[in-house]
Amino acid sequence: MVWLCLSATIRCNEEFVLIVIYGASGHTGSLIAKELHKQDLPFAMAGRNLGRLEKAAQQTGTSDLRVADVDDPKSLQEIFEDADVVINCAGPFSSIGQNVISAALAADSHYLDTTGEQEFVRDCYERFESASRQARRVVVNACAFEVALGDWAAHVAAEALGNVPLDELTISYAFDSLSPTKGTQLSILDALGKQGVRWDDGRWIRVAPGSERRDVEYPHPFGPRVALSFPSPEVITLPRHVNSARIQTYISIGADSPITRAAAAIAPVLSPMLSPLLGPLLRSTIGAIAESTIRANEPSVPKAGRFALVAQATAGQDQAQCAISGEDIYALSAGIITLAAERLENEGELCGVLAPSEILSPLDALEEIASLHQLYLELP
Ligand SMILES: NC(=O)c1ccc[n+]([C@@H]2O[C@H](COP(=O)([O-])OP(=O)(O)OC[C@H]3O[C@@H](n4cnc5c(N)ncnc54)[C@H](OP(=O)(O)O)[C@@H]3O)[C@@H](O)[C@H]2O)c1
């Protein structure tokens, strides 16, 4: 459901002022700054460390740099005070995100982020739904490659079946190589220690990551692959705008081969047994060592690998599919969040915690992003 705020004082009638990027010293934040610069949109770069912000700002020539610690709500609110939209790409979000959202809403700003952390997104719906409606501002998580694309593609596939109640809606990802940034590695480590949920018969139920498998026909050059379930936030965002009995997200574990098939056959048996062990293990010394090793690594620029995504909607015997493939998920994420920030200017009457499909028309957004980023897009 989309909440409309019918106040006469809402910002949709005001001039678009400023976008503040928090976490702008990181890889994704820097790409977002470049994209905003390219589109001539006014923005400031913010984060916890001035030196790193200055380095990142060299590429855009931005002089508006702002420093605030996530544990200092007052200074965080101060750096957002003149912002129309706060874009947060400082992760992992489970430890940083909520303070940034609170400060953005306190400063009367809309909030967008790049998270791919399922539990964080679920917590946001619970914690900020009322606060954002009362503030007449929008909170949209996961406005990035992982989630916005899947949320839009699944909506388009469901619509192709005539918006009837679906039996199942799935989103399956595949990558040819993954070289995630430090921030992404920390987010993955954090997510590994948690159990995910899938949408089942009108509610979220806990399931171990990897406990379900699926054969997926990905677009060229990926082809047929086995995919295993993993907790992505589409499971949280989709029930808001698509009526489906079951929603689950999958990821391919490698090119089709006897070895990956054998691994995929074993994984659903092993993962429910391993999953309860992983959480305590990652919160223990081993988790702390892994985290400090990632933090100690020098940030590196990730390779622009290829990806594919398939959204499938099923109702009885009918099935509809939307498939996408392309490359460079970080540049794509910068394009997606910039598009979302721009639209907030025109759709300023929206408020509440919303899914990507609730702030942009899913089909228009997919077509626009596909043409801007040379994506292959197969519509149902
Ligand atoms: N869903 C998607 O498709 C998608 C796409 C891109 C990114 N992401 C997510 O976005 C996040 C950032 O990714 P990235 O590629 O930009 O990583 P990155 O290059 O490692 O940058 C991480 C950013 O977070 C900041 N940060 C980390 N801990 C902080 C803290 N305690 N307080 C304030 N700032 C802090 C860093 O600031 P310093 O420079 O001061 O360390 C840096 O600006 C990750 O969680 C990643 O998973 C998701």
Side-chain angles (χ1 to χ4, degrees), residues 20-35 45-57 65-73 75-76 79 86-100 103 112-121 140-152 171 173 175 178-192 230-234 236-237 249 251 291-292 294-305 307 309 324 326 328-338 340 356 369 373:
V20 176
I21 312 164
Y22 191 76
S25 54
H27 183 63
T28 310
S30 306
L31 289 173
I32 295 169
K34 273 198 228 164
E35 189 65 38
M45 294 174 78
R48 62 177 166 178
N49 182 296
L50 184 60
R52 283 197 286 274
L53 283 172
E54 281 171 341
K55 201 171 161 208
L65 306 179
R66 302 170 179 204
V67 179
D69 202 276
V70 275
D71 296 324
D72 182 351
S75 48
L76 209 52
I79 63 165
V86 170
I87 291 181
N88 182 20
C89 39
F93 290 83
S94 61
S95 50
I96 299 169
Q98 294 209 347
N99 286 1
V100 182
L112 303 170
D113 72 36
T114 58
T115 188
E117 295 164 40
Q118 190 192 66
E119 190 173 286
F120 171 70
V121 175
V140 191
N141 303 118
C143 262
F145 155 74
E146 185 194 347
V147 185
L149 279 192
D151 191 75
W152 293 332
I171 294 105
Y173 290 89
F175 300 92
L178 263 183
S179 63
T181 57
K182 203 162 153 176
T184 305
Q185 287 175 43
L186 288 168
S187 289
I188 293 170
L189 183 72
D190 185 81
L192 274 179
F230 85 109
S232 190
E234 291 93 332
I236 311 301
T237 61
T249 43
I251 188 164
E291 188 180 330
S292 62
I294 296 171
R295 286 193 191 281
N297 285 340
E298 278 301 306
S300 60
V301 178
K303 280 189 247 125
F307 74 87
L309 179 159
I324 305 165
D328 200 349
I329 60 173
Y330 290 97
L332 187 52
S333 296
I336 289 171
I337 208 158
T338 301
I369 284 294
H373 291 265

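When reading the values below, keep in mind they use all heavy atoms of this one structure, side chains included, and skip hydrogens, waters and symmetry mates. Whatever order the structure lists them in is the order used to number ligands and atoms, beginning at 1.
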Can you tell me if [X] has a non-hydrogen atom under 4.0 Å from ligand 1?
{"X": "V70", "answer": "yes"}
{"X": "D69", "answer": "no"}
{"X": "T114", "answer": "yes"}

Please report whether ligand 1 has a polar contact with Y330, defined as an N or O pair separated by less than 3.5 Å (distance criterion only).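 N/O-N/O distance below 3.5 Å does not exist for this pair.
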Once you round to the nearest 0.5 Å, how far does [atom1] of [X] lie from [atom2] of [Y]?
{"X": "I337", "Y": "L332", "atom1": "CD1", "atom2": "CG", "result": "12.0 Å"}
{"X": "I336", "Y": "L112", "atom1": "CD1", "atom2": "CG", "result": "12.0 Å"}
{"X": "S232", "Y": "Q118", "atom1": "OG", "atom2": "CD", "result": "7.0 Å"}
{"X": "S333", "Y": "H27", "atom1": "OG", "atom2": "NE2", "result": "9.0 Å"}
{"X": "N49", "Y": "D69", "atom1": "CG", "atom2": "CG", "result": "10.5 Å"}

I want to know whether Y173 and F307 have ring centres closer than 6.0 Å.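 Judged by ring-centre distance (under 6.0 Å), Y173 and F307 do not meet the cut-off.
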Heavy atom to atom 25 (C) of ligand 1, shortest distance: which of G116, P233, A90 holds it? A90
Just going by heavy-atom distances, which of G29, S94, A68, C89 is nearest to atom 23 (C) of ligand 1?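 Going through G29, S94, A68, C89 one by one, C89 has the nearest heavy atom to atom 23 (C) of ligand 1.
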So do the side chains of P356 and W152 get within less than 4.5 Å of each other, counting heavy atoms only? yes
Taking the side chain as everything from C-beta on, heavy atoms only, tell me whether I87 gets closer than 4.5 Å to D113.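 No, their side chains stay 4.5 Å or more apart.
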Heavy-atom distances under 4.0 Å are what count here, so tell me which part of [X] touches ligand 1: side chain, backbone, both or neither.
{"X": "R52", "answer": "side chain"}
{"X": "H27", "answer": "both"}
{"X": "I96", "answer": "side chain"}

Atoms of ligand 1, numbered as shown, that sit under 4.0 Å from any heavy atom of [X]:
{"X": "A144", "value": "1 (N), 2 (C), 3 (O), 4 (C)"}
{"X": "F145", "value": "3 (O)"}
{"X": "G23", "value": "43 (O)"}
{"X": "Y22", "value": "33 (C)"}
{"X": "T115", "value": "1 (N)"}
{"X": "F93", "value": "10 (O), 11 (C), 45 (O)"}

Look at the aromatic rings of F93 and F120 and report parallel, tilted or perpendicular, splitting at 30° and 60°.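 Rings of F93 and F120: tilted, 30 to 60°.
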Name all residues meeting the side-chain hydrogen bond (donor to acceptor under 3.5 Å, both in side chains) criterion together with E54; count only those two or more places apart in sequence or in a different chain, and write none if there are none. none
